Amino acid sequence: MTLPRTCLAMVHVAPRKLEPRELPLPAIDADTALLRVEACGICGSDAEQYQGVLPVRFPVVPGHEPVGVIEAVGERAAARWGVQIGDRVAVEVLIPCGYCPACRAGRYPQCRGRGGGGLFGHGYVPLERPPGLWGAYAEYMYLDPGSIVHKVRKDLPASTVALFNPLGAGFRWAVEIPRTAPGDTVLVLGPGQRGLASVIAARAAGADTIIVTGTTRDAAKLALARELGADHTIDVEQDDLRKRVKELTNGHGADVVVEVAAAATAPVAEALHLAAPGGRVVLAGVKGFKPVPDFLSDLIVVKELTVMGAFGVTSPSYRAAIRLIEAERVPVARMHTHDFPLEDAERAIRTLAGEEPGAASIHSCLLPGG
Ligand SMILES: [Zn+2]
Ligand SMILES: [Zn+2]
């Protein structure tokens, strides 16, 4: 197949402004590859990037959750990744340098090697840095020597495979970081795509009781949480949250609390009340750098809680997510609600952010292939 010389990309030029552009396809050398993007998942970070909350330099091609097919690949890249032309791969967000102390210790979400003070990853590198097509809001995306790819089955819908990203987060935030083990009670604060993914991952890890919280508006998401493995759901606007968690955990509290609520700070303060003595609290929902009122640090002291931050996902959790998707034992595709053509990227983001009337999105994808 001969490749086109240019492709369509949606370029983020200013807060709340994406524009379609034809960009040249990059030349591929021995260490790089070209991905034909089949699907790009969209998450809360896309909404923050669109709104201008994330400090990303314009112009930039966003899109950090790509699934696609290798259309060109250099000899050394093919050997390193174990892929060939025609293979479908899921691509990790981060492009770690591989050499800094964080990378050498296997903690590459903390790598600032190539990004200086900021993130270096697909969807975040500005257009001016050659070869430009760093993000997946485009028909084709460049794969850097430092990109991390995972081969995936080709016979599943691309939008289902794109769930590797939220599910990977579920495995890292709800299992890997808090070391969730069989018998643990896991409380998930927030029923969005990351919360639902945390339910699936905690269930796969053998958690005993899984509880998910949300608001009255979240009724459909809470019902889906039960379908995906939650034992109990709590509507925090209707129920007394602390009392209900106490009842459901025999007065003990939750061994693991995963905080993935979007924007709201109250669940962070509440998490300390809901954790069992000796419990692990994982904070993974960013709050726009707002302070948290009523945060009682004494609860961390007297209950000997471990409070952990979770930012991004690493390969072991991505692999667990991909295995779970490929096994087809859990109806993960129930989380997927919307597909949009590439040109509709703005509408896709607004739908995810709840700005489009009547459209309740959980997981959405852009499908550049049409
Ligand atoms: Zn994302
Ligand atoms: Zn590094």
Side-chain angles (χ1 to χ4, degrees), residues 10 12 37 39-51 53-56 60-68 90-125 134-138 141 144-148 150 158-159 161-174 190 192-198 201 260-263 284-286 288 310-315 317-318 321-322 325 332 335-338 340 345 348-353 361-366:
M10 295 303 290
H12 194 199
V37 181
C40 175
I42 298 181
C43 77
S45 300
D46 291 86
E48 293 197 341
Q49 184 171 8
Y50 176 64
Q51 290 152 3
V53 179
L54 289 185
V56 181
V60 60
V61 181
H64 61 273
E65 303 188 2
V67 171
V91 185
E92 295 194 18
V93 184
L94 297 172
I95 309 175
C97 77
Y99 299 100
C100 72
C103 279
R104 290 199 311 256
R107 299 190 311 265
Y108 60 88
Q110 296 159 26
C111 172
R112 299 293 179 267
R114 288 168 75 188
L119 265 184
F120 197 87
H122 289 288
Y124 299 108
V125 179
W134 291 95
Y137 285 15
M141 189 182 83
D144 181 84
S147 296
I148 304 171
H150 301 270
S159 54
V161 176
L163 285 162
F164 82 96
N165 226 291
L167 281 174
F171 274 101
R172 182 152 193 264
W173 304 351
Q193 53 172 269
R194 261 63 188 173
L196 295 171
S198 294
V260 281
V286 288
F311 183 71
V313 184
T314 49
S315 289
S317 287
Y318 278 129
I322 290 167
I325 292 168
V332 291
M335 283 170 63
H336 181 69
T337 51
H338 292 74
F340 295 90
I349 295 166
R350 290 197 306 263
T351 302
L352 183 92
S361 160
I362 298 175
H363 181 262
S364 298
C365 276
L366 292 179

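For this chain, numbers begin at 1 and follow the sequence in order. None of these values were measured; they are calculated from a predicted model. Whatever order the structure lists them in is the order used to number ligands and atoms, beginning at 1.
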Undergrad: If we ignore angles and hydrogens, is there a donor and acceptor under 3.5 Å between the side chains of E92 and H150?
TA: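 Yes - a donor-acceptor pair under 3.5 Å links their side chains.
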Undergrad: Looking only at heavy atoms, which two atoms of Q193 and I362 are closest? And how far apart?
TA: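 So the minimum-distance heavy-atom pair works out to NE2-O, 3.1 Å.
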Undergrad: Using distance only, find each side-chain donor-acceptor pair of residues 100-107 under 3.5 Å and give its atom names and separation, not counting sequence neighbours.
TA:
{"residue": "R104", "atom": "NH1", "partner": "Y99", "partner atom": "O", "Å": "2.8"}
{"residue": "R107", "atom": "NE", "partner": "Q110", "partner atom": "OE1", "Å": "2.9"}

Undergrad: Does Y318 reach the side chain of V93, with side-chain heavy atoms less than 4.5 Å apart?
TA: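 Counting from C-beta outward, Y318 and V93 do come under 4.5 Å.
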Undergrad: Would you say F120 and C111 make side-chain contact, with heavy atoms under 4.5 Å?
TA: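 No; the side chains remain at least 4.5 Å from each other.
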Undergrad: Which protein N, O or S atoms lie under 2.8 Å from the Zn ion (ligand 1)?
TA: C43 SG, H64 NE2, E65 OE2
Undergrad: Please tell me whether F311 and W173 form a close aromatic pair, meaning their ring centres lie under 6.0 Å apart.
TA: no
Undergrad: Less than 4.5 Å apart, side chain to side chain, heavy atoms only: is that true for P166 and L196?
TA: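 P166 does not reach L196 side chain to side chain.
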Undergrad: Answer with yes or no after comparing the ring centroid distance for H336 and H363 against a 6.0 Å cut-off, counting only values under it.
TA: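 Ring-ring flag for H336/H363: true, centres closer than 6.0 Å.
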Undergrad: Return the set of protein N, O or S atoms whose distance to the Zn ion (ligand 2) is under 2.8 Å, each given as residue and atom.
TA: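 Checking every protein N, O and S atom gives C97 SG, C100 SG, C103 SG, C111 SG.
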Undergrad: Among all residues two or more places apart in sequence or in another chain, which pass the side chain to side chain donor-acceptor pair (under 3.5 Å) test with S45?
TA: none
